[in-house]
Amino acid sequence: MERCSWVKLDEPVYVKYHDEEWGVPVFDDRKLFEMLCLEGAQAGLSWLTILKRREGYIEAFDQFDANKIVHYDEAKLTALKNDERIIRNQLKINSVVTNAKSYLAIQKEYGSFSNYIWSFVDGKPIINEWESPQEVPITTEISDRMSKQLKKDGFKFVGSIICYSYMQAVGMVNDHTVNCHCYKNLS
């Protein structure tokens, strides 16, 4: 079975993520919020590092329930800073709280976070036809626009590279190479 060449075949968590999640369209608000937070946590690190800590993140951040996260106090933030299951970067931890507030405001304004985030691609995935991973961009005009708007709406750790990676992760764009078995399933 052929996969995108970037997949580390000796890392089962990475193979599973590639085969079952990456590029699959996500419309569930909570899952979209989780992935945005995880992409922000990944800044400057490898995605594999985050995948290996994902369950820890889910537990530490109350299943990414934004209604709970916005009420985190100093004691909770200190506990997170000392939680070895996650990346213990204070700015990244604080960004989850900030992003939860912005996320809830977006839900209120747009009816759902999904409506808001998917509007950047007119509600449907962009299907690319890359022959090799070298062709895949790290940013696009859409990720630039998304980043600018997310920042305007109060989100943190949402630069254009993070936004494009997020778009790939939640299936807003299908960047599986055409030889990958997942490409055929998502096109």
Engineer: Can you check whether T98's main-chain N or O pairs, donor with acceptor, with Y103's side chain at less than 3.5 Å?
Structural biologist: no
Engineer: Please report the interatomic distance CZ(F120) to OG(S143), rounded to the nearest 0.5 Å.
Structural biologist: 10.5 Å
Engineer: Tell me yes or no: between the side chains of Y164 and D175, is some donor less than 3.5 Å from an acceptor?
Structural biologist: yes
Engineer: Quick one: which of I69, V97, D62 gives a side chain to side chain contact (heavy atoms under 4.5 Å, CB included) with K76?
Structural biologist: D62
Engineer: Which distance, rounded to the nearest 0.5 Å, do you find between the OG of S160 and the CZ of R145?
Structural biologist: 11.0 Å
Engineer: Show the numbers, then the answer: is there a side-chain contact (heavy atoms from CB on, under 4.5 Å) between M1 and H181?
Structural biologist: CA-CA 7 Å; M1 180 180 312; H181 75 95; 3.2 Å; yes
Engineer: For ring-ring contact (aromatic ring centres under 6.0 Å, His included), just list the numbers for Y183 and W130, CA-CA rounded to whole Å, side-chain angles, deciding distance to a tenth of an Å, and then say yes or no.
Structural biologist: CA-CA 10 Å; Y183 178 82; W130 310 120; over 10 Å; no
Engineer: Verify side-chain contact (heavy atoms from CB on, under 4.5 Å) between E131 and V178, making sure each step is shown before the conclusion.
Structural biologist: CA-CA 6 Å; E131 297 287 332; V178 294; 3.7 Å; yes
Engineer: So, the side chain of S119 versus the backbone of D122: is there a donor-acceptor pair under 3.5 Å, distance only?
Structural biologist: no
Engineer: Count I, L, V, M, F, W, Y as connected when their side-chain heavy atoms are under 4.5 Å apart, and connections chain through other members. Are W22 and I127 then in the same cluster?
Structural biologist: no
Engineer: Checking ring-ring contact (aromatic ring centres under 6.0 Å, His included) for the pair H176/H18: CA distance, chi angles, key distance, verdict?
Structural biologist: CA-CA 9 Å; H176 287 280; H18 170 269; 4.7 Å; yes
Engineer: In terms of hydrophobic clustering (I, L, V, M, F, W, Y; side-chain heavy atoms under 4.5 Å; direct or indirect links), are M146 and Y110 co-clustered?
Structural biologist: yes
Engineer: How many angstroms lie between CD1 in I162 and CE in M167, if you round to the nearest 0.5 Å?
Structural biologist: 14.0 Å
Engineer: Show the nearest heavy-atom pair for residues D83 and A60, with the distance to one decimal.
Structural biologist: OD2-CB, 3.6 Å
Engineer: Kindly say whether E109 contributes a backbone atom to a donor-acceptor pair with the side chain of Y116 at under 3.5 angstrom?
Structural biologist: no
Engineer: Atom CD1 in I106, atom CZ in F155: separation rounded to 0.5 Å?
Structural biologist: 5.5 Å
Engineer: Over 60° means perpendicular and under 30° means parallel, so classify the ring planes of F33 and F64, tilted if in between.
Structural biologist: perpendicular
Engineer: Using the test salt bridge (charged side-chain N to carboxylate O under 4.0 Å, His left out), find all partners of R30 that sit at least two apart in sequence or belong to another chain.
Structural biologist: E34
Engineer: Would you check if N94 and L77 make a side-chain contact, meaning some heavy-atom pair closer than 4.5 Å?
Structural biologist: yes
Engineer: If I take atom CG from residue D19 and atom CZ from residue R3, how far apart are they, to the nearest 0.5 angstrom?
Structural biologist: 4.0 Å
Engineer: Might you work through the salt bridge (charged side-chain N to carboxylate O under 4.0 Å, His left out) test for E21 and R54, ending with a clear yes or no?
Structural biologist: CA-CA 13 Å; E21 287 188 71; R54 187 178 192 179; 2.7 Å; yes
Engineer: Report yes or no: does S95 contribute a side-chain atom to a donor-acceptor pair with the main-chain N or O of F157 at less than 3.5 Å?
Structural biologist: no
Engineer: Between E39 and S165, is any side-chain donor less than 3.5 angstrom from a side-chain acceptor?
Structural biologist: yes
Engineer: Is the closest side-chain heavy-atom distance between R85 and R53 below 4.5 Å?
Structural biologist: no
Engineer: State which residue, out of N99, D65, L104, fulfils the side chain to side chain contact (heavy atoms under 4.5 Å, CB included) condition with V70.
Structural biologist: L104
Engineer: Under 3.5 Å, which donor-acceptor pairs do the side chains of residues 6-15 form with other protein atoms, sequence neighbours left out?
Structural biologist:
| unit_1 | atom_1 | unit_2 | atom_2 | d |
| --- | --- | --- | --- | --- |
| E11 | OE2 | K52 | NZ | 3.4 |

Engineer: Do L51 and I86 land in one hydrophobic cluster if side-chain heavy atoms of ILVMFWY residues count as linked below 4.5 Å?
Structural biologist: yes
Engineer: I'd like to know whether I142 forms a side-chain contact (heavy atoms from CB on, under 4.5 Å) with I126, so could you lay out the CA-CA distance, the side-chain angles of the two residues, the decisive distance to 0.1 Å, and finally the verdict.
Structural biologist: CA-CA 11 Å; I142 295 172; I126 296 167; 3.5 Å; yes
Engineer: Can you tell me how far the CE atom of M35 sits from the CG atom of D28, to the nearest 0.5 Å?
Structural biologist: 12.0 Å
Engineer: In terms of hydrophobic clusters joined by side-chain contacts under 4.5 Å, are I161 and V121 together?
Structural biologist: no
Engineer: Looking at every non-hydrogen atom in both residues, tell me the closest pair between P125 and W118 and how far apart they are.
Structural biologist: N-CZ3, 3.7 Å
Engineer: Shortest non-hydrogen contact from E20 to V24?
Structural biologist: O-CG2, 3.6 Å
Engineer: Is the side chain of S147 donor-acceptor paired with the backbone N or O of V158 at a distance under 3.5 Å, no angle test?
Structural biologist: yes
Engineer: Consider side chain to side chain contact (heavy atoms under 4.5 Å, CB included). Of L36, V173, L38, L150, which one does Y166 pass it with?
Structural biologist: L36
Engineer: Are L80 and V96 close enough that some pair of their side-chain heavy atoms sits under 4.5 Å apart?
Structural biologist: no
Engineer: Kindly give the heavy-atom pair with the smallest separation between E84 and R88, and that separation in Å.
Structural biologist: CG-NH1, 3.7 Å
Engineer: Quick check against the 3.5 Å criterion: does K92 have a side-chain atom that pairs as donor or acceptor with the backbone of A43?
Structural biologist: yes
